[in-house]
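See structure below.
Quick caveat, the model's predicted, so the values are computed rather than measured. Letters A, B, ... are given to chains in the order of the sequence lines, protein chains preceding strands, and every chain is numbered from 1.
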There are 2 protein chains.
Amino acid sequence: MKPRHKNVPEQALLAAVAAGHDPNNCTVVSDVLARIGDKWTVLVVMLLQNGPRRFNELKRMIGGISQRMLTLTLRGLERDGLVTRTVYPTVPPRVDYALTDLGRSLGEPVRHLGAWANANAATIMEARRIFDTDIQHLDG
Amino acid sequence: MKPRHKNVPEQALLAAVAAGHDPNNCTVVSDVLARIGDKWTVLVVMLLQNGPRRFNELKRMIGGISQRMLTLTLRGLERDGLVTRTVYPTVPPRVDYALTDLGRSLGEPVRHLGAWANANAATIMEARRIFDTDIQHLDG
DNA sequence: CGGGATCCGGACGGATACTG
DNA sequence: CAGTATCCGTCCGGATCCCG
């Protein structure tokens, strides 16, 4: 799972420094977003906060995800050390996915973002509606 | 700027409830991520934290963005009420982009995410390197 | 059950040319 | 300077088939 954001130019980083603030808070975050910003990752991470889950269990819980994307999502999380994959050589096979400490720690900032989202969702939707209605930006 | 994530199925929301935690912290956050998770939005928001900027000023600061994507990004932010667009009818024309209170407030959770990213970037990179090196997941 | 392999449409995003 | 319009490649992500 290659990051969707191929690379954020280093000039942006330098510019951020010149602008007078820590580049860590704008460039590195882009990298994280490239990781968790895809369609399903956050959903999976949040669902796993409650404990290990099996593949099809996750698939059912999410409901609209294809097995392909769930596989890719879990592989990516495993690759980054956020999730562990445990295979039980039984018949039929059983595979458990669980968060690592690192993966669990991601829940915290994500919840912060969730709080912001909840607090401002209505406002954003309203702003969006207004913007789409009176299109004064077509020149007023 | 239509959201990249068309829709996260409602079943996921219900599943999240069944799993025993507030769906707000997993589904709504997906919506926010669909908004700020694109390639440039966070970068722009963080750069604007220092005050208003002009179009080409932002373009130069970011460095690798096309005028097309900067326009789309700023339109999206304006639409959601995170950024204001001020046109000065001078010659040559001048347009200032500035964060709204809402846009400024987004900086906080983003910084949280940035902090997490900074704290764990090295760990993630290392995990990634190991995962890519010994490919024990091809059966070991 | 838990995937891998493949096909494919559509969205994302860059490059370029043109405008007021 | 600050865009708009257009073309076009890439890659995301769904559907389907197959395998151990």
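Nucleotide dA2(D) holds its P atom 14 Å from the CE atom of M61(B), rounded to whole Å. Separating the CZ atom of R53(B) from the C1' atom of dC1(D) is a distance of 17 Å, rounded to the nearest angstrom. The CG atom of L72(A) sits 9 Å away from the P atom of dG13(D) (whole-angstrom rounding). D38(A) has its CG atom 11 Å from the C1' atom of dG13(D), to the nearest Å. L74(A) has its CG atom 10 Å from the P atom of dG4(C), to the nearest Å. Atom-to-atom, NZ of K59(A) to C1' of dA15(D) comes out at 11 Å; the value is rounded to the nearest Å. Residue L70(A) contributes atom CG, which lies 8 Å from atom P of dG3(C) at whole-angstrom precision. Regarding W40(B), its CH2 atom lies at a distance of 9 Å from the C1' atom of dG13(C), rounded to whole Å.
Looking at residues two or more places apart in sequence or on another chain, you find no side-chain hydrogen bond (donor to acceptor under 3.5 Å, both in side chains) involving Q67(A). Applying the side-chain hydrogen bond (donor to acceptor under 3.5 Å, both in side chains) rule to R94(B) yields the partners D96(B); only residues at least two apart in sequence or on another chain are considered. The side-chain hydrogen bond (donor to acceptor under 3.5 Å, both in side chains) test applied to E126(A) returns R129(A), not counting sequence neighbours. For R104(A), the salt bridge (Lys or Arg N to Asp or Glu O under 4.0 Å) partners at least two apart in sequence or on another chain are D101(A).
For the pair K39(A) and dG14(D), the criterion of a side-chain N or O lying under 4.0 Å from OP1 or OP2 is met. Contact annotation: Y97(B) does not reach the phosphate of dC1(D) (side-chain N/O to OP1 or OP2, under 4.0 Å).
Ranking dG3(D), dG2(C), dG13(C) by closeness to the R85(A) side chain, first place goes to dG2(C). Among the nucleotides dG3(C), dA2(D), dT4(D), the one closest to any side-chain atom of R75(B) is dT4(D). With distances taken from any side-chain atom of R54(A) to the nucleotides dC1(C), dG14(C), dG3(D), the minimum falls on dC1(C). Closest to the side chain of P92(A), out of dC1(C), dG3(D), dG14(D), is dC1(C). You'll find that the side chain of V95(A) is closest to dG2(C), out of dG3(D), dG2(C), dG13(C).
Test I36(B), L77(B), T73(B), V83(B) against V45(B) for side chain to side chain contact (heavy atoms under 4.5 Å, CB included) and you get one pass: L77(B).
A donor and an acceptor atom, one from each side chain of R85(B) and Y97(B), are located under 3.5 Å apart. Defined by atom type and a distance below 3.5 Å, a donor-acceptor pair is present between the side-chain atoms of D38(B) and T41(B).
Axis angle across the helix from dC1(C)-dG20(D) to dG20(C)-dC1(D), with five pairs used at each end and values rounded to 10°: 40°.
Of the possible donor and acceptor atoms, one in the side chain of E57(B) sits under 3.5 Å from a partner among the backbone N and O of R54(B).
Here the closest non-hydrogen pair linking L113(B) and P109(A) is CD1-CB, 3.5 Å. Of all heavy-atom pairs between L82(B) and L106(B), the closest is CD1-CD2, 4.3 Å.
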Please write out the pairs of protein N or O atoms and N or O atoms of nucleotides 16-20 of chain D separated by less than 3.5 Å, giving the distance to one decimal.
residue, atom, partner, partner atom, Å
dT16(D), O4, Q67(A), NE2, 2.8

